[in-house]
Each structure stands twice: as C-alpha cells, then as structure tokens.
Participant: 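This is the structure I want to talk about, given as structure tokens.
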Amino acid sequence: MGRAEERRARQRAGRRAAPRRSRPMAAETGGPAAAAPGKPAKPAKSRIRRIFGWKKILGTFFGVCLLGILGFIGLYLYVDVPQGNAAAQQQSNVYKFSDGTILARNGKVNREIVDLSKVPRKVQLTFVAAENKSFYHDSGVDFRGTARGLINTALGRGKQGGSTITQQYVKNYYLNQDQTVTRKLKEMVISLKVDREKSKDDILAGYINTSYYGRNAYGIQAAAQAYFGVDAEDLKVEQGAYLAALLQAPSQYDWAVATDTGKKLVTERWNYVLDNMVEEGWLPKAKRDAMHFPKIKEPKGAPGLGGQKGYLVELANQQLERQLMAQEGLTASQAENAVVDKGWTITLDIDRKKQSALERTVKAQLTSKLNQKQRKVDGDIQAGAVSVDPKTGRIVALYGGQDYYKHWTSNATRRDYQPASTFKPVILAAALEQNATTQDGKPITASTVYDGTSRRPVLDHGTPVGFAPPNEDDAGWDKITVQQAMNKSVNSVFAQMGVDVGMQKVMNTASELGMDTKGMQAVPAQTLGSMGASPLEMAGIYATFANHGYKVTPTIIKSAVNKGRSVDLPNAVGGSVISRTVADTVTSVLTGVVDDGTASESVARNPLRGGQQVAGKTGTSDENKSAWFTGYTPTLVTSVGLFGEDPKTRAHVSMKGATGLLPPPGRINGGGYPAKIWAAYTFGVARKAQFDLNTTQGAAVAPVETPTWTHTPTRTPSQTPSSEPPTSRSPSETPSQTPSRTPSQTPSTQTPPTQTPTSSRPPTPEITPEDPLDPQAGQ
C-alpha cells in the first residue's frame, strides 16, 4: 500500500470516528439555525407554510378537480335524456274571484309544430344570431355561462349567465324553469348528450317550435300567425328578426302594447339580430340596410277571456311574473314562461259584486250612450277604471275596456294619457311635506293666497322661468287661496306652487307616492299633469292619501299556488311616505273640490250620496283627449279615466262631441261622465263612513266661501297644454246651494277671503240656467 493510499484510509477512518454535529435549532439558540461556513442561514418554516405548502395546495387543487371530473362523469352516466314534456307542461291556469268562485280557466295551448324545412333558412339564422352565434360549432353548452349561473343560483342571485340554444331547448322541452342547482346540472348534462345524439337542425327546430312568443303563441308557426298573420314558411327576414328578438321578453316587447321603453328595447334587439347576421356573413349589408322594422298585427285575446276577464287575467299574470323575477331572479322571458299555462291556481282580490257593479255602471253611464254609426267620435271613446281598498291595497274591481277581444290594451293600466289636474294634489302634498314657502317666504297652506291671473309668468325668485299657462277659459283670478284654486283647478296657481316647492321635489314626491317617474323631466309644465299615468297608478296615489300617508301599491293577487308551492306576495301597504298630517290635509282640501268645486254637480249633489264624505279631483287634458275623476271615501278609492283613441291608428284624439248629449262644443270634462261613473258605482257599493282627519286645514274643517266669478273664453287656442280645456260659454254664477258635507272636526275660525276673479277680456252675458247634461262645464 503506497503512502497516498494510507493517507486516504486514515482520512476515511477519521470521518467515521468523529460524532455528527447536529444543526442547532432556532428554539435552542434564540435565532436561526447555524449555517455552514460560507453559506447563509436558512430561516425556519412557519406553521402556516408547513400546513399550506405549495405542494399541498397544488395537490388539493388537482384532487378537487379530479373529484369534480369523476363526479361529472358519474352524473353524465347517471342522467339520461328524458322523454320530451313540453306539451305535458302546458296546463290550465285557474283564476278565481276573492270568494273562491271561478273567474276563468285559461290553458288551451296554441301550438303547431312545423318542420324546419318549412322555415326559410335566413329566418332560421335570425334565431342563431339572436341567441347563440357559435351554435353550429359548439358542444351545446356554454361552460363559462353555466358555471356563472350555478354560482349565482347557489348564492340566491337567480340566473345571470348565458345559455346556448341547445340548453334553452333542453330547458323548454325536457325540464322546466326552476332556478335550482340540480336543474342546472341536469340541463348541462342533457344538453351535452342531446348535442351528440341530435343534429343541429333538429335542435334548432325543437327550439323554435317549443319557445313561447307571447300572445298565447307557442312555436314559430303560432307566433307567425299571431304577429304577422302569415305561416312560418312565408316569414321575411325582418319578421323573423322580430320574433327572435321577442323571445327575450315577449310581453314587454309586443309592439301593440309595449311602452315607449319596451319599443326602444325591442328595436335595439331587432337591430342587434340583423347586425349579427351581417357580421357572420349570413346577410349582405346592402340588404340589411334596406330593411325596415316590420308592421305588427293587432293582437287577439285568448279563448275564454272575453269581456273583462282578459284584463283581470292579464294584470294578475303580470304581477305574478314581476314577483317571480324579484323572488327567484328570473328574467322577464323566464317568468312569463313560468306563469302562462303552467297549472297555477290564482285567487284574485277582485270582489265579484263590486266588479259586476262597476261593469254595469260604465255601461249605464257611458257606453250605452255611444253610437258609432251616428257619430264617428263615439268609436274613439275608451274607458278605464280601478277600484282599491285603501286599508289593504286590494284591487276590488277593474274595468279595462268594452271587451278584451275588441280592445287588447287595458285602459286600466295604460300609461300613455295625461292625468291632467288629478296631479295637482301631488303638488300640494309636496309643498306641505317639504314645508315649502311662497316667493315672499310665506308657508304654503290651504289658506295661502296666490295670484291667479291667467297666463301669469311663473317666477323663480323674481326671474321668469318661461312658463305662463292659461287658466280654464282664460279666466283671470286676482287673489285666491290654495283651497279655492284646487276647487276651481286654477293652473296658474299650481304652476307657481310647483316652482316654489322645486319641481325635482315635486317629482320625487310623485315617485314616493307611487307614480313611475322614470325618464320624466322635472319641469314646470308637469304641474299641469302633462306626463303619462294610468288609472291604476292614480288609484294608488290617492289610496296613499286616504290611508294617511302609508304607501299603497294596489295588488290584484290574493294568492298564487302551483303544484303545492305558494308564492310569497309582498304587502300591498308599506311604510309612511308622507306624514299623516300632510295626507289628511290633502284629503281635507279635496273634499272642497267635491262640495264646492268642479265635481259638485255629479258627485256632491248626486241623489245617491246620502251624506257620504268624499274627496276627489277632476282632470281634463289639453284638446280634450282625456278626462278623469279620481276620488275616495274613507273605505274605497276609485280612479276613472276616459280616453280618446283612434281605433285604427291608436293615435290620441279629441273626445269632443261624443254621445251627442252635451251642448256645443260637447266637451267631456272630468266632472261629467267620469264623475258620474264614479258616483253611481261608489255610492252603490261603499259603506258610509267619515274621514278621520288629523289636520286643521282644508274644506273639511274650515268652511270655504265660494267666490263669485266671471270670465271670457279665450279666442286664440293655446299651444300650452292645459289640464282644464276651455268651455264654450262663460257663466257668471254664484252657487246658491249649501254644501251637503258635514265637517268632521270643529271648524276653524279662519275664513279665507272672498275672491272675485278678473278677466283681461270684456265680460260676456250670463247664460242661465245651466244645461243639466253638461255639468261642471269647466274643471
């Protein structure tokens, strides 16, 4: 053995004999472990890092993914494609009166399956362009959208993810509209299987044949007939684009009944469909640019819904759909599809006796007097009414028109006509609630004196705002109290009051009371009630006044049950939106309109009144296109509106001359037929009661001295909307009849000053006696 080998052997033996030196722990040394010479010390691992190391996290992630994949495979193997049940899902809805008696049974399915070959190819593509551009090359499932929908459903947010055409077909034909995680998982699995087992054409045919298009139309053939009066094979591309757009919200997008917002949205959707077709190369741009929005056929009512039934069923369905959207997160289309013909038993708040009484009254007081053969204008008259219990918010009676089959649009819920002077109480409520003051700093109360000069420029701290509305018949009033201005519906007073309060505050109060003010401008012209509103809306606002300021949202549904499942319905009466004193003061002031103002002839002096206390307001819009009376007793609120509508064009037209029973020019005022309908109905069904008012203001607690007035009709028609159009004569009269009301509280010692209106024009001879067929010629 050489020296080198001996040396290496000794070194090896030395290393084996030397004891190993353990690295000192941080806990022993008070610091990090000792590092080898020349190397930095390694920090000790924290407890979190030892538990959640990257290897463990990665392993857990892959483990969860593996379990998910295995679970999905198991679900895929477990779930079979069920038998189609689209037809089986269609079941009659049963609608009942509040006492449980049957109102209507609606459920005959309007469906005709057509082969895809019968549908023009480009019409087929409109549905693909609208719903699922990747339809022809996807797997049938939008995994990202489905995952988003599953998460939202699990968190109770409802559906907020997209679905492919295949998924929507599966939901319509094989499953249902339930918003559950289980249903969504089944939808995904079945969609994958259906996409493998069926051709894309078969899936598209199933989709367009099972979808609901509104108007009780299931499938493209029924929809083509319902909206265009043609068979599916004769549809044009622009018509197909409308039907494809319609699926997103059938009722909202139905052009014949859509609001301005609905028309705007469906037009945008229609353009979106056609633009997508151009983008995909399915439609030449030149042809697309030449296309115009198609003309939509007037709708027809579903079988069994003639008379008033259709209007009642329609409103019940709409309110139930809105509740499902809020409660379950459904889209408008899903909610409608979940309600129409799905086996619901819906009990309405409608009182059978009151409903019958309202129908009889409208016929006796108005429609029996209309004769279109003798007077063309008689065919333009539309009537709508809603009656509400102010304590519960229940809609106890509703009149939507002469017949649901003859006039599809419900006059009870339409919002396209001006409420005119029935808006004035909202201005007063805003003034009282906001403790507003006049331009000279005086608090606005029922006895506050205003300048009632006709066409007086409205001022904002001395600066004209560019608005000077005429009073009725251009009558000029010198100094007049708010109470008297309400009685006589003096436009100049309330125009100034609106600016004194602040128009934004006025519109905010209107919104809080229940008016849909979305998109409305807060401008002085709104003081004349120039916005759109429905009898349903106005009944809710006045019901809030009657209910001492507690918000009333009229509801027609008492209960809704489907396969043992009931829907939770919101309380129709909410919290206080204006103080009781304010609401009661408005009520007190409105009793003066009935007893000493524009409704005195038809309501106060009505022989059926029998001492019943009444508050209310008349309204007549510019050019006599609408006339209103909205009034209430302590137990019943009813809003009656008459509207002039051309039966062919649906344009707003004047009602002047209708019935032929009114003296020239035959203007229909709010204090005429609307007030007569209201009085005959209300005094026949409402129990007698007295207002319980917590106020010291207004006609109900302080006698109001009725002014003697003279005025001359204006000769130049005003272009400014007037809530109270001019009459044909200029009376000079002093009411000689003592008001029939009985003050509910001790009268105030304050008596408003007697006012003598002035006119900028020479007076005309008095006309007496007043024609009994034209009561309250001015309102």
Side-chain angles (χ1 to χ4, degrees), residues 84 86 110-142 162-174 191 194-215 217-250 253 266-297 333 337:
N110 180 22
R111 185 201 305 276
E112 181 182 343
I113 304 297
V114 294
D115 191 86
L116 193 65
S117 63
K118 295 290 186 180
V119 181
R121 177 59 178 167
K122 289 192 183 299
V123 173
Q124 299 175 28
L125 292 174
T126 61
F127 290 88
V128 179
E131 298 292 336
N132 182 193
K133 290 187 293 183
S134 64
F135 170 69
Y136 286 107
H137 53 266
D138 64 28
S139 63
V141 174
D142 177 1
S163 296
T164 64
I165 283 177
T166 306
Q167 287 176 275
Q168 293 181 61
Y169 164 58
V170 165
K171 180 172 57 183
N172 291 341
Y173 190 63
Y174 296 105
S191 296
V194 166
D195 188 75
R196 289 184 57 192
E197 297 172 5
K198 292 190 175 187
S199 69
K200 291 291 187 179
D201 280 353
D202 287 341
I203 294 171
L204 182 59
Y207 173 65
I208 65 177
N209 275 308
T210 58
S211 294
Y212 180 65
Y213 296 78
R215 295 194 182 184
Y218 290 86
I220 191 169
Q221 172 63 19
Q225 284 291 340
Y227 289 94
F228 302 111
V230 301
D231 291 328
E233 62 184 348
D234 297 322
L235 284 169
K236 298 177 181 178
V237 176
E238 49 265 54
Q239 293 173 328
Y242 174 76
L243 295 181
L246 197 65
L247 292 179
Q248 192 174 67
Y253 289 175
V266 73
T267 302
E268 291 175 352
R269 183 74 174 168
W270 179 80
N271 284 314
Y272 167 81
V273 172
L274 294 177
D275 290 344
N276 278 351
M277 292 184 71
V278 173
E279 182 182 317
E280 294 296 318
W282 299 336
L283 182 67
K285 189 175 188 305
K287 286 189 176 181
R288 187 266 175 271
D289 291 341
M291 289 180 176
H292 299 285
F293 195 86
K295 183 177 180 180
I296 311 301
K297 180 184 175 184
S333 178
N337 203 21

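In what follows, residues are counted from 1 in the order of the sequence shown.
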Participant: Is the closest side-chain donor-acceptor distance between Ser199 and Asp201 under 3.5 Å?
Facilitator: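 Their side chains do not contain a donor-acceptor pair, so the 3.5 Å distance test is not met.
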Participant: How long is the gap from CD1 on Ile220 to OG1 on Thr210, to the nearest 0.5 Å?
Facilitator: 11.5 Å
Participant: What is the minimum heavy-atom distance between Trp270 and Pro294, and which atoms define it?
Facilitator: NE1-CD, 3.8 Å
Participant: So Leu235 and Val230, do their side chains get closer than 4.5 Å, heavy atoms only?
Facilitator: yes
Participant: In the structure I gave you, are the side-chain heavy atoms of Gln221 and Asp231 within less than 4.5 Å of one another anywhere?
Facilitator: yes
Participant: The test is side-chain contact (heavy atoms from CB on, under 4.5 Å); show your working for Met277 and Thr126 and say whether it passes.
Facilitator: CA-CA 7 Å; Met277 292 184 71; Thr126 61; 3.5 Å; yes
Participant: For Gly214 and Pro250, work out which heavy atoms get closest and say how close.
Facilitator: N-CB, 3.6 Å
Participant: Indicate yes or no: does Lys200 engage Asp195 in a salt bridge with an N to O separation below 4.0 Å.
Facilitator: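 Result for this pair is yes, salt bridge flagged.
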Participant: Mind checking the OG-CD spacing from Ser333 to Gln168? Nearest 0.5 Å is all I need.
Facilitator: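 Atom-to-atom, Ser333:OG and Gln168:CD are 8.0 Å apart.
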Participant: Which value, rounded to the nearest 0.5 Å, describes the distance between Phe293 atom CZ and Glu238 atom CD?
Facilitator: 11.0 Å
Participant: Does some side-chain heavy atom of Asn132 sit less than 4.5 Å from a side-chain heavy atom of Gln167?
Facilitator: no
Participant: When you look at Lys198 and Tyr169, which way does the side-chain hydrogen bond (donor to acceptor under 3.5 Å, both in side chains) test go after all the steps?
Facilitator: CA-CA 12 Å; Lys198 292 190 175 187; Tyr169 164 58; 3.1 Å; yes
Participant: How far apart are the C-alpha atoms of Asn337 and Tyr218, what are their side-chain angles, what is the distance that settles it, and do they pass the side-chain contact (heavy atoms from CB on, under 4.5 Å) test?
Facilitator: CA-CA 10 Å; Asn337 203 21; Tyr218 290 86; 4.3 Å; yes
Participant: Are Lys133 and Asp138 within salt-bridge range, i.e. N to O under 4.0 Å?
Facilitator: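 A salt bridge is absent here (no side-chain N lies under 4.0 Å from a carboxylate O).
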Participant: Can you tell me how far the CG atom of Leu243 sits from the OH atom of Tyr253, to the nearest 0.5 Å?
Facilitator: 14.5 Å
Participant: So, for Gly219 and Tyr213, which heavy atoms are closest and what is the spacing to 0.1 Å?
Facilitator: C-CE1, 3.4 Å
Participant: Any side-chain to backbone donor/acceptor pair from Ser134 onto His137? Under 3.5 Å, distance only.
Facilitator: no
Participant: Could you check whether any side-chain N or O of Gln239 sits under 3.5 Å from a backbone N or O of Ala224, counting only pairs where one atom can act as donor and the other as acceptor?
Facilitator: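 A pair under 3.5 Å: no.
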Participant: Going by an N to O cut-off under 4.0 Å, is there a salt bridge joining Arg269 and Glu131?
Facilitator: yes
Participant: Once you round to the nearest 0.5 Å, how far does OH of Tyr207 lie from CD of Gln124?
Facilitator: 13.5 Å
Participant: How far apart are the C-alpha atoms of Tyr227 and Lys297, what are their side-chain angles, what is the distance that settles it, and do they pass the side-chain contact (heavy atoms from CB on, under 4.5 Å) test?
Facilitator: CA-CA 5 Å; Tyr227 289 94; Lys297 180 184 175 184; 5.7 Å; no
Participant: Judged by atom type as modelled, is there a donor-acceptor pair below 3.5 Å linking the side chain of Asn276 to the main-chain atoms of Ala129?
Facilitator: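 Yes, Asn276 side chain to Ala129 backbone: donor-acceptor pair under 3.5 Å.
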Participant: Ring centroids only, cut at 6.0 angstrom: are Phe135 and Phe127 within range, meaning strictly under it?
Facilitator: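 Aromatic pair excluded; centres sit 6.0 Å or further apart.
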Participant: Heavy atoms only: give me the nearest Ile165-Val128 pair and the separation to one decimal.
Facilitator: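 The pair with the smallest heavy-atom distance is CD1-CA, 3.9 Å.
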Participant: Considering all heavy atoms of both residues, which atom of Ser117 and which atom of Asp115 are nearest to each other, and what is their separation?
Facilitator: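 Shortest heavy-atom separation between Ser117 and Asp115 comes out as OG-OD2, 2.6 Å.
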Participant: Test side-chain contact (heavy atoms from CB on, under 4.5 Å) on Leu274 and Val237 and set out the steps.
Facilitator: CA-CA 9 Å; Leu274 294 177; Val237 176; 4.0 Å; yes
Participant: About how many Å separate CG of Leu116 and CG of Asn209, when rounded to the nearest 0.5 Å?
Facilitator: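 Asn209 CG to Leu116 CG: 8.0 Å, rounded to 0.5 Å.
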